[in-house]
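Before any comments, here is the structure.
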Protein chains: 2
Amino acid sequence: MKEATLKQIAETLGISITTVSKALKNYPDVSDKTRKAVHELADSLQYKPNSFAVNLRMQESRTIGVIIPELVHHFFSSVIDGIVAEAEKHGYLVIIQQSNESVVMEKSQVELLLNKRVDGIVMSLSNESNDDEHLKELLRRNVPFVQFDKISKLLNSSKVIIDDQKAACEATTHLIHKGCKKIAHIRGPVNPQNAIDRFLGYKKGLEKHDIPFDPSLVYTCSRVSFEEGKAFAAQILKEHPDVDGIFCITDLVAVGVLAYFNEQKIPVPQQVKVIGFSNWFMSQVITPSLSTVEQPSYEMGTAAFNVLLEEINARKENRVREPKTVRLETQIIERESTRG
Amino acid sequence: MKEATLKQIAETLGISITTVSKALKNYPDVSDKTRKAVHELADSLQYKPNSFAVNLRMQESRTIGVIIPELVHHFFSSVIDGIVAEAEKHGYLVIIQQSNESVVMEKSQVELLLNKRVDGIVMSLSNESNDDEHLKELLRRNVPFVQFDKISKLLNSSKVIIDDQKAACEATTHLIHKGCKKIAHIRGPVNPQNAIDRFLGYKKGLEKHDIPFDPSLVYTCSRVSFEEGKAFAAQILKEHPDVDGIFCITDLVAVGVLAYFNEQKIPVPQQVKVIGFSNWFMSQVITPSLSTVEQPSYEMGTAAFNVLLEEINARKENRVREPKTVRLETQIIERESTRG
DNA sequence: GGTATTTTCGAAAACGTTTTCGATTTTTAT
DNA sequence: ATAAAAATCGAAAACGTTTTCGAAAATACC
């Protein structure tokens, strides 16, 4: 069962392909009579333009690529949600690739997307992305490109981010306002800008309130997991029994911490207060519910697509365009884990 | 900055496009000398075949479409994870669409994917999918198509599913073995096959152990949410204070139930035992941890892609092929909420 | 009726590839 | 040296569209 083509319609109607094409796109230089005839036949044959032919002719795909470290994270799937919804509004399709936190994968996926001639790429970097070559290549080849969340600061592309440093500073300040005097920080891996900025924000929050920074209170995750949260909670309690506040790089880690405290019957928030980052769904559901930093993930998605669209359109109109950085607002959400 | 084409290579080398094309694909009828020359130039120009031209010529896209109700669910993002990984292995790209549980959306997305000439579609139905027309149309047009998880039984397509009825029966049996005498069921909406089968499984589990079925112990969700779980827990306790077991359509609902019991200091599992379905990440993390039915989501993804690939290849070779149903194994996971 | 204008149409090129088939050249066999 | 066989190449068609530009037909004007 073949798909209908312009040629078929033209032949059965005894007119030229050109006229059929114009009729369907309502060009002014085709008579009402033929226009109607064409439309009717096209409808009855369920004619759909062959997108390959269109793309080939038009030199655009109306498709964008998205590369993320891992799909199975509430944050990322929510961002994608936003991207897909916004893309659909503008008639774009979204191809999703996940790097599984590997730069090698990331590179081959950029390749793949370029081969598929996507109109643009939005991307959140894998943790081990210290190798920038494939990204620089994107800029060199002038392909529309926006980074979000986990970005490379040095790369002069458009970006959609939150102010991690500010948010982390606010989270730390929140703990201090709640009376914490000795605050530990479970930070993310060394590389990602994210982890660095949140760490710096933590430090700044302490300084602002004249609490001396103690490097031994900083614990570094390698995989940012529930299990690490649990393990570090135990370690913190052993090394610094008088800690009364913990700021975690992410809710998942914080939930691990809470799980350990629950097991050990350490009262939260009475003895230790805990705050996470990202406002994952489960954070409001666990006991005690977890205070956190709300990160507007869906909005990051829509923003990322819109910035990408601007980049794409600028290219189309041959405009030069400075990369643009969109910074989204975050918000402290107070729940039981820091209450009182 | 234009992409390199066969024509460019041909011209600078003073040979024909044909030969360049053949050289690159290592056809036997091109001399080693020219083959090498072509490869070298192609590499240095970073030549990539224009996929639109290839697709147009080849009449295939090496792209598949996936339609799911919602991305932001651990189950679905994990399935997609599996699909994408398996697709990548076979050189296929994946376009993701979400119906947001709306049939109208679902229809327009099927349209979109067909317009994009995807080689096949894998799909999990939205809850309100009692309207099958767009799916029947897929079968009529003979496009490779596999359903997974939320399927329409009546539709004669390939399928990747679990045995919901059997799994639900096992979950109910688990509660009974743990000593439950009066078991409530919080079921899903009326339409989805899923919800129906799990309900039937619940009923069968009771029958098998000679526990009379009491319709007033069945509560029907409309949105399958945390909030509904909480609300139904309250209602159950009021209407049937002696209930000692609850089987929930999904972990999310079960977590809602547990949250209410926590608030009301109802001891779980001592007074009431609770079991969920799907083994969401958070189920092992909350207190008390939740017993559940493990559903192999990632494997469903890989299986779905592989069945789709079989369908695609059958079409290519003009084979007729009976739709195939893959049934994946589930497993009861015992945790604190049914322990003891 | 003749010219000027407007309306309506279609030929053709282009997008970049793949593949068939015939032509040309080179090699081998006699 | 000549015929046969093998190796190497390229012209051309095809995939299905879009768009330019010129031609033809219809209409308007005087």
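Residue numbering restarts at 1 for every chain, and letters A, B, ... go by the order of the sequence lines.
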Tell me the interatomic distance from [X], atom [atom1], to [N], atom [atom2], rounded to whole angstroms.
X        : N      : atom1 : atom2 : result
B:Leu13  : D:dC9  : CG    : C1'   : 14 Å
B:Gln59  : D:dC15 : CD    : P     : 8 Å
A:Lys33  : C:dT7  : NZ    : C1'   : 14 Å
B:Lys116 : D:dG16 : NZ    : C1'   : 15 Å
A:Ile9   : D:dT17 : CD1   : C1'   : 12 Å
B:Leu56  : D:dA14 : CG    : C1'   : 9 Å
A:Arg35  : C:dT7  : CZ    : C1'   : 12 Å
B:Lys7   : D:dG10 : NZ    : C1'   : 16 Å

What pairs of residues pass the salt bridge (charged side-chain N to carboxylate O under 4.0 Å, His left out) test when at least one of them lies in residues 4-26 of chain B, not counting sequence neighbours? B:Lys22-B:Asp29
Residue pairs involving residues 301-311 of chain B (criterion salt bridge (charged side-chain N to carboxylate O under 4.0 Å, His left out); sequence neighbours excluded): B:Glu310-B:Arg321, B:Glu310-B:Lys324, B:Glu311-B:Arg315, B:Glu311-B:Arg321
Who passes side chain to side chain donor-acceptor pair (under 3.5 Å) against [X], sequence neighbours left out?
X        : answer
B:Lys107 : B:Asp131
A:Glu322 : none
B:Lys36  : none
A:Gln59  : none

Counting only N and O atoms by type, is there a donor-acceptor contact under 3.5 Å from the side chain of B:Asn50 to the main-chain atoms of B:Phe52? yes
Within the side chain of A:Glu101, is there an N or O that forms a donor-acceptor pair under 3.5 Å with the backbone of A:Asn127? yes
Which dot-bracket notation, 5' to 3', represents the base pairing of DNA chain D when pairs are defined as Watson-Crick or G-U with both distances under 3.5 Å, crossing pairs as [ ], and inter-strand pairs as |? ||||||||||||||||||||||||||||||
Within the pair B:Thr5 and C:dG16, is there a side-chain N or O less than 4.0 Å away from OP1 or OP2? no
Verdict with supporting geometry, A:Tyr92 and A:Leu308, side chain to side chain contact (heavy atoms under 4.5 Å, CB included): CA-CA 11 Å; A:Tyr92 278 77; A:Leu308 188 68; over 6 Å; no
Mapping B:Ala53 and B:Gly14 to their closest nucleotides on DNA chain D, which lands nearer the 5' end? B:Gly14
List the residues meeting salt bridge (charged side-chain N to carboxylate O under 4.0 Å, His left out) with A:Lys136, not counting sequence neighbours, and say none if there are none. none
Could you list all N or O pairs between the protein and nucleotides 5-8 of chain D that sit under 3.5 Å apart?
none

Which atom pairs, one a donor and one an acceptor, fall under 3.5 Å between side chains of residues 80-91 of chain A and the rest of the protein, sequence neighbours left out?
{"residue": "A:Asp81", "atom": "OD1", "partner": "B:Gln98", "partner atom": "NE2", "Å": "2.2"}
{"residue": "A:Glu86", "atom": "OE1", "partner": "A:Lys89", "partner atom": "NZ", "Å": "3.3"}
{"residue": "A:Glu86", "atom": "OE2", "partner": "A:Asn306", "partner atom": "ND2", "Å": "3.2"}
{"residue": "A:Glu88", "atom": "OE2", "partner": "B:Gln109", "partner atom": "NE2", "Å": "3.3"}
{"residue": "A:His90", "atom": "ND1", "partner": "A:Glu86", "partner atom": "O", "Å": "3.0"}

Touch class at under 4.0 angstrom, heavy-atom based, for A:Tyr27 against every strand present: sugar-phosphate
When you measure from the side chain of A:Lys25, which nucleotide among D:dG10, D:dT19, C:dT19 comes out closest? D:dT19
Would you give me the side-chain donor-acceptor pairs under 3.5 Å for residues 115-125 of chain A, sequence neighbours excluded?
{"residue": "A:Lys116", "atom": "NZ", "partner": "B:Ser61", "partner atom": "O", "Å": "2.6"}
{"residue": "A:Lys116", "atom": "NZ", "partner": "B:Thr63", "partner atom": "OG1", "Å": "3.2"}
{"residue": "A:Arg117", "atom": "NH2", "partner": "B:Lys48", "partner atom": "O", "Å": "3.4"}
{"residue": "A:Asp119", "atom": "OD1", "partner": "A:Ser61", "partner atom": "N", "Å": "2.9"}
{"residue": "A:Asp119", "atom": "OD1", "partner": "A:Ser61", "partner atom": "OG", "Å": "3.1"}
{"residue": "A:Asp119", "atom": "OD2", "partner": "A:Ser61", "partner atom": "N", "Å": "3.3"}
{"residue": "A:Asp119", "atom": "OD2", "partner": "A:Arg62", "partner atom": "N", "Å": "2.6"}
{"residue": "A:Ser124", "atom": "OG", "partner": "A:Phe148", "partner atom": "O", "Å": "3.3"}
{"residue": "A:Ser124", "atom": "OG", "partner": "A:Lys150", "partner atom": "N", "Å": "3.3"}

Please produce a list of atom pairs where a protein N or O lies less than 3.5 Å from an N or O of nucleotides 11-13 of chain D.
{"residue": "D:dA11", "atom": "N7", "partner": "B:Thr18", "partner atom": "OG1", "Å": "3.3"}
{"residue": "D:dA11", "atom": "N6", "partner": "B:Thr18", "partner atom": "OG1", "Å": "3.0"}
{"residue": "D:dA12", "atom": "N6", "partner": "B:Thr18", "partner atom": "OG1", "Å": "3.1"}

